[in-house]
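Worksheet: the structure to be examined is printed underneath.
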Amino acid sequence: DWLLSQTKHRPQVAIICGSGLGMLADALKCQDAFHYTDIPGFPQSTVQGHAGRLVFGELKGKTCVCMQGRFHMYEGHSLCKTTFPVRVFKLLGVETLIVTNAAGSLADGLKPGDIMIIKDHVNFPGLGGFNPLNGPNDDKFGPRFPAMSACYNPGLRCLAMDIAKQQGVAELVQEGVYAAVGGPNFETIAEAKLMHRLGVDAVGMSTAPEVVVAVHCGLRVFGISLITNKPRPFLSVFLDFYRALSREVVTMVTDINASIQGSGCSCSVSSLTSS
Ligand SMILES: O=P(O)(O)O[C@H]1O[C@H](CO)[C@@H](O)[C@H]1O
């Protein structure tokens, strides 16, 4: 109610900016911005790279609200608090939630600087019983036992891939599975290996609880991870190096063969390649 009384904007889309991604809010026109400290009942940001402002404005004809700074469990917030803004968005009339985050890659094909469109998640704290929906269910938001089988809207995922192609950045974008861990420590090598074997492509310390609460209250969700690092066991780093070296050798041999052929020599191309 306080927010609705302070701004004329009536957002349809909410964007949660991940670590270091707060500048996404700068794209909004006709801004009304509120510090979390000024919003009654709002939790406070304590992490570097999370400015702690809610910014309302227009983006390409849509009214949006951006969270410049999210809340994490490791800050000491309860999961209810970390996801509180999602319910505020629902009450403001938002229909679509876009979640963004910084994440570590566990997948061979995802490098720092790449973007992963989240196709599904593994909520490790949730599997262990740390769930923002714990406690009495508030039926006005959603059901006691919400389905999570299609958390990330397939239409929006498809649209994002199409836009990446149109903008010529498709080679930097792929879909994958995000895993949420509690943090604040980064993974051990054994933990990174375990998650990799379980089919996780990127890991971070947020997002999944927000998405659970969003899906519970019927919001359409789209999520992207910006890959910032690659917590990988030494062996796979070595294997990557070995594969890159093999590719170089094959290229060199192919070039040599081409010049031998060009010179009219009868040397066998296949025997030279295999040796
Ligand atoms: O998930 P966001 O908020 O982008 O932040 C990610 O970056 C921080 C670690 O560098 C962790 O908080 C992790 O969750």
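Note that ligands are numbered from 1 as they come in the structure, with each ligand's atoms numbered from 1 the same way.
Met205 N, 2.9 Å is the protein heavy atom nearest to atom 14 (O) of ligand 1. Of the protein's heavy atoms, Ser19 OG, 2.7 Å lies nearest to atom 5 (O) of ligand 1.
The shortest distance between side-chain heavy atoms of Leu156 and Thr96 falls below 4.5 Å.
Taking distance alone, with nitrogen or oxygen atoms compared against 3.5 Å, Ser206 approaches ligand 1 more closely than that limit. Residue-to-ligand polar distances place His72 within reach of ligand 1: an N/O pair is separated by less than 3.5 Å. Looking at Thr100 next to ligand 1, no N or O pair under 3.5 Å apart turns up. Every N/O-N/O distance between Phe186 and ligand 1 stays at or above 3.5 Å. Here's the thing with Tyr74: one of its N/O atoms is less than 3.5 angstrom from an N/O atom of ligand 1. At a 3.5 angstrom cut-off on N or O pairs, Ala102 counts as close to ligand 1.
Remark: the backbone N or O of Leu4 is not paired with any side-chain donor or acceptor of Thr7 at under 3.5 angstrom. No side-chain donor-acceptor contact under 3.5 Å links Ser225 to the backbone of Ala102. Judged by distance alone, with hydrogens and angles left aside, the side-chain atoms of Lys81 form no donor-acceptor pair with the main-chain N or O of Pro43 at under 3.5 Å.
Taking the six-membered ring for Trp, Phe42 and Trp2 have ring centres at least 6.0 Å apart.
Between Tyr36 and Phe71, the angle of the ring planes lies from 30° to 60°, which puts this pair in the tilted group.
Heavy-atom proximity to Asn101, at under 4.0 Å, picks out these atoms of ligand 1: 1 (O), 4 (O). Contact atoms of ligand 1 toward Gly18: 4 (O) (distance under 4.0 Å to a heavy atom of the residue).
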Exercise for review: For the pair Met148 and Asn123, evaluate side chain to side chain contact (heavy atoms under 4.5 Å, CB included) and give the outcome as yes or no after the intermediate values.
Suggested key: CA-CA 11 Å; Met148 292 289 147; Asn123 183 11; over 6 Å; no

